There are 4 protein chains.
Amino acid sequence: MNEHRANEHRNGPVRSAAARDAILEATARLFQSEGYDHLTIEGIAKEAGVGKQTIYRWWPTRGALIADCLSDGRLFAVDFAVPDTGDLVADVEQWLDTVIPILDAPGGGALLRSLVAAAAEDSAVGDHLSESLGVERHLSERLTAGIRDGQLAPGAPVDELGHAILGTIIVQVLSRQDDATDRLRQLVRFMLRSGSPQNGPLSPTDAK
Amino acid sequence: MNEHRANEHRNGPVRSAAARDAILEATARLFQSEGYDHLTIEGIAKEAGVGKQTIYRWWPTRGALIADCLSDGRLFAVDFAVPDTGDLVADVEQWLDTVIPILDAPGGGALLRSLVAAAAEDSAVGDHLSESLGVERHLSERLTAGIRDGQLAPGAPVDELGHAILGTIIVQVLSRQDDATDRLRQLVRFMLRSGSPQNGPLSPTDAK
Amino acid sequence: MNEHRANEHRNGPVRSAAARDAILEATARLFQSEGYDHLTIEGIAKEAGVGKQTIYRWWPTRGALIADCLSDGRLFAVDFAVPDTGDLVADVEQWLDTVIPILDAPGGGALLRSLVAAAAEDSAVGDHLSESLGVERHLSERLTAGIRDGQLAPGAPVDELGHAILGTIIVQVLSRQDDATDRLRQLVRFMLRSGSPQNGPLSPTDAK
Amino acid sequence: MNEHRANEHRNGPVRSAAARDAILEATARLFQSEGYDHLTIEGIAKEAGVGKQTIYRWWPTRGALIADCLSDGRLFAVDFAVPDTGDLVADVEQWLDTVIPILDAPGGGALLRSLVAAAAEDSAVGDHLSESLGVERHLSERLTAGIRDGQLAPGAPVDELGHAILGTIIVQVLSRQDDATDRLRQLVRFMLRSGSPQNGPLSPTDAK
DNA sequence: TCGTAATCGAGACGGTACGTCTCGTCTTGAT
DNA sequence: ATCAAGACGAGACGTACCGTCTCGATTACGA
């Protein structure tokens, strides 16, 4: 019987949804506009119209706030779904077309750098990092489907391939390479090339 | 030219090499033991037995100190050279065998995370990041040689492959995956696979 | 009588005597052990096992709690009555013998200091201050009796004499004079000296 | 030889007199206008245009600031000197005429209550309390002179008499008695009464 | 050889943010 | 209506560092 479970319930006021919302919204706004290193608890509290203690009561660290923003989809508005048209490379490039504009937008590189900084400092963010851009769920699933369709070798490490693409983006962003889009596409096509004699000619345009 | 005129008439003592050394050594020590976010200028000054102003005089930011430590090889003692035995995959795995122990050592993951945090915050570190683990110089060169030897497709994007490997490591470290070594090896073998008929399965040994 | 009318028509439970008691007891205990400035409403509530609101409902300020503790005799257990043996000075010294041990006990000085701090901050305590050590009631009455008996001049300002004795004690305690007992006795004997021929040295019994 | 004492001198910047001055001035101003319990370090720092750490660097507690204000004469502008006209009671009443207006001024009672609160909380203030109103120095000295002149009995406890007068004032102020001036004068006259008929002439030799 | 000028260790300074504590009010469900 | 519990906005606490500045001592030229 779990009726008396009901009796275990604590009396007293309940967590304020309005406060939670205001805090996460303020966090997302300040994170995007100021960056992770200028993100302060006091600033969030002021922006949200909330006491500091209300933040500390529910989130142990700055990173936990960012992690919640990620989970709630408050940092990236877009949908990172990967289509399945049957053409694996084209579909992944479609995903790239979703991601790249974010990075090329003004402040986009800084946004990802901030996210990396948060992930480096706080494991709560790190846990959500690869998931946050759709890598974990959407991209890996599409690659797995690619194996089923015979477009990718059966033993291909799909998770690592997703991490590799994300990781390449991160390295480029950390290196402040703003013109890396084409090379990223090249890499994806190379990594996902189907095996053909001579290791398969890349498309003529790729081969340059 | 009178650019150097400005410096010609200078009296007084010259920059103290001892101070520079003590500062960078203290920086490296504290960075390794405390991490980037607990690294403070005041802490470095005290540890180095130096005035704060002596640091501010020569380095504009915390990151610049880290960048100098990287350049001086004060953060990673090892040599990240990649051998050239003719077997590309084996050589790259040799490089992996140099890198992985660093990450598996106690605090190794935290060290790389700190480095990433520094790179995210400060472009001076970001610029040296991929270079710092031998990726830029040694790994890319070896991949280029692989193209020459016919072990890699002519159009293979060597720099991006290096970044992809490093990026995968970074993503794994940021995600706090401590057991990712094998999957990293798998990825490298997959990415560097030579084209074979039907593109797979991977070589029998790879296939487990 | 309609004083208790106020309680007759009320719904719900009536004021909890148990809560009142626990709160005042907790207040007294914490006041004595921690001092007035470390006395907090939250601390009292926790110590008493009571909600904060229950305190705020019935007492407007910290000081009101202390004032109630004074009224209930929860701070000083002893009886500050002044005997009337016919010898005024001896009787007042008897009262001193009641008061002084309290101040000489460990923490006794701190206790009176805390009481003074409370009185300085809150008029509710200030109103009970001179009353609390028996000055207002017992000491003044004894002095008045002394006038009747001819041991004190008819116009002697009995209330002010009581205040002067208490005030001297307070000044000594505020000045952290731990050895002021004898000088206090001297003062009392001097202030209450009856005019006698030669008038000094003080009366033979005093001079001992 | 103490020449090498000179070498023990610390290098580096010296304490800023301007900061010290601004801090004490702000402390005095806020103490007088807001009272001790509303006096905050942050408020002082803001008022003085100073960092909090500059206060904490030189003063351990709020009370130490008040004590320094007392020492510098920043709380009471007036001079508490006691004249010596030969008439002891008149002279002491002259001192009363200096003190009473301070207490009768608007906020004067609150000022002394604040001072008492500070003294109760902090020994640094307590040590200066009786000194601060001229009791220790001027009043006691005048009473001592009164003994020399035969207006006071030789064994009179002059320090305690000063404390008694001050203490009476404190008790009156703590009890919020705003009309106590006359009774205070009565007390002083009674305590310092020379022997007269109806309470006994002091001895001829004392009266000298 | 003696200024002159830059560097050095030390640390005070005006600030900002930290994470904790308590305030007094408000809300909840139980009695 | 009162109670225990405790969330809430507010704001002070005392600490840690920031980056700038000032100090006296210490070099190392150039006049």
Side-chain angles (χ1 to χ4, degrees), chain A residues 6-7 9-16 18-20 22 38-43 45-46 48-58 60-62, chain B residues 8-16 18-19 22 38-46 48-58 60-62, chain C residues 7 9-16 18-19 38-43 45-46 48-58 60-62, chain D residues 6-7 9-16 18-20 22 38-43 45-46 48-58 60-62:
Chain A
N7 284 342
H9 179 62
R10 202 181 48 67
N11 280 353
V14 101
R15 178 171 184 178
S16 158
R20 194 196 107 103
H38 295 118
L39 183 72
T40 66
I41 300 285
E42 296 209 336
K46 179 157 292 185
V50 141
K52 287 199 302 180
Q53 195 57 42
T54 302
I55 300 179
Y56 283 111
R57 183 155 27 233
W58 301 110
T61 60
R62 265 192 320 165
Chain B
E8 266 173 23
H9 295 305
R10 280 209 309 99
N11 290 346
V14 99
R15 178 171 183 180
S16 158
H38 295 119
L39 184 71
T40 66
I41 300 285
E42 298 208 333
I44 294 169
K46 181 154 292 184
V50 140
K52 290 199 305 182
Q53 193 61 251
T54 303
I55 299 179
Y56 283 111
R57 189 163 13 238
W58 303 110
T61 61
R62 260 192 327 164
Chain C
N7 282 343
H9 294 305
R10 282 204 305 96
N11 292 343
V14 97
R15 178 170 184 179
S16 158
H38 295 119
L39 183 71
T40 66
I41 300 285
E42 299 210 334
K46 179 153 291 183
V50 139
K52 290 198 305 179
Q53 195 56 38
T54 304
I55 300 178
Y56 283 111
R57 192 164 10 244
W58 303 109
T61 60
R62 263 191 323 166
Chain D
N7 284 343
H9 181 60
R10 201 183 52 67
N11 281 351
V14 102
R15 179 170 185 179
S16 158
R20 195 195 108 103
H38 294 118
L39 184 70
T40 65
I41 300 285
E42 294 209 337
K46 180 157 293 185
V50 141
K52 286 201 300 179
Q53 197 55 46
T54 301
I55 300 178
Y56 284 111
R57 182 153 32 232
W58 302 109
T61 60
R62 267 193 316 167

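A note on names: the letters A, B, ... follow the listed sequences, proteins ahead of strands, and every chain is numbered from 1. As the structure is a computational prediction, the values presented were derived from the model and not from experiment.
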**Report entry** Side chains of D:R20 and D:W58 in contact at under 4.5 Å (non-hydrogen atoms)
**Finding:** no
Requested in this report: Identify whether any heavy atom of A:R15 sits under 4.0 Å from a base atom; if not, whether one sits that close to sugar-phosphate; answer base, sugar-phosphate or nothing.
Outcome: sugar-phosphate
Query - A:A48: side chain to side chain contact (heavy atoms under 4.5 Å, CB included) partners, not counting sequence neighbours - result: A:A22, A:I23, A:A26, A:V50
Query raised in the report: How is C:G49 classified with respect to the nucleic acid when contacts are heavy atoms under 4.0 Å: base, sugar-phosphate, or nothing?
Result: sugar-phosphate
Report summary line: On DNA chain E, more 5' by nearest nucleotide between B:A48 and D:V50 is B:A48
Report summary line: Whole-Å distance, A:K46 NZ to E:dA17 C1', equals 12 Å
Report task. Grab the CD1-P distance between B:I55 and E:dG11 for me, whole Å please. Result -> 15 Å
Report task. Specify the separation, in whole Å, of atom CZ of B:R57 and atom P of F:dG19. Result -> 16 Å
Report task. Between A:A19 and B:G43, name the one whose nearest nucleotide on DNA chain F is closer to the 5' end. Result -> A:A19
Query - By side-chain hydrogen bond (donor to acceptor under 3.5 Å, both in side chains) - contacts of C:T61 (at least two apart) - result: C:D122
Requested in this report: Check side-chain hydrogen bond (donor to acceptor under 3.5 Å, both in side chains) between B:Q53 and all other residues, then give those that pass, not counting sequence neighbours.
Outcome: none
Query raised in the report: Among all residues two or more places apart in sequence or in another chain, which pass the salt bridge (charged side-chain N to carboxylate O under 4.0 Å, His left out) test with D:R62?
Result: D:E121
Query raised in the report: Can you find a side chain N or O atom of B:T54 that sits less than 4.0 Å from OP1 or OP2 on E:dG9?
Result: yes
Query raised in the report: Starting at the 5' end of DNA chain E and moving along, which residue's nearest nucleotide shows up first, D:W58 or C:P60?
Result: D:W58
Strictly under 3.5 Å: I want the nitrogen or oxygen pairs between protein and nucleotides 20-22 of chain E, one per line.
residue	atom	partner	partner atom	Å
E:dC21	N4	A:Q53	OE1	2.9

Query - side-chain hydrogen bond (donor to acceptor under 3.5 Å, both in side chains) involving C:T40 - partner list, sequence neighbours excluded - result: none
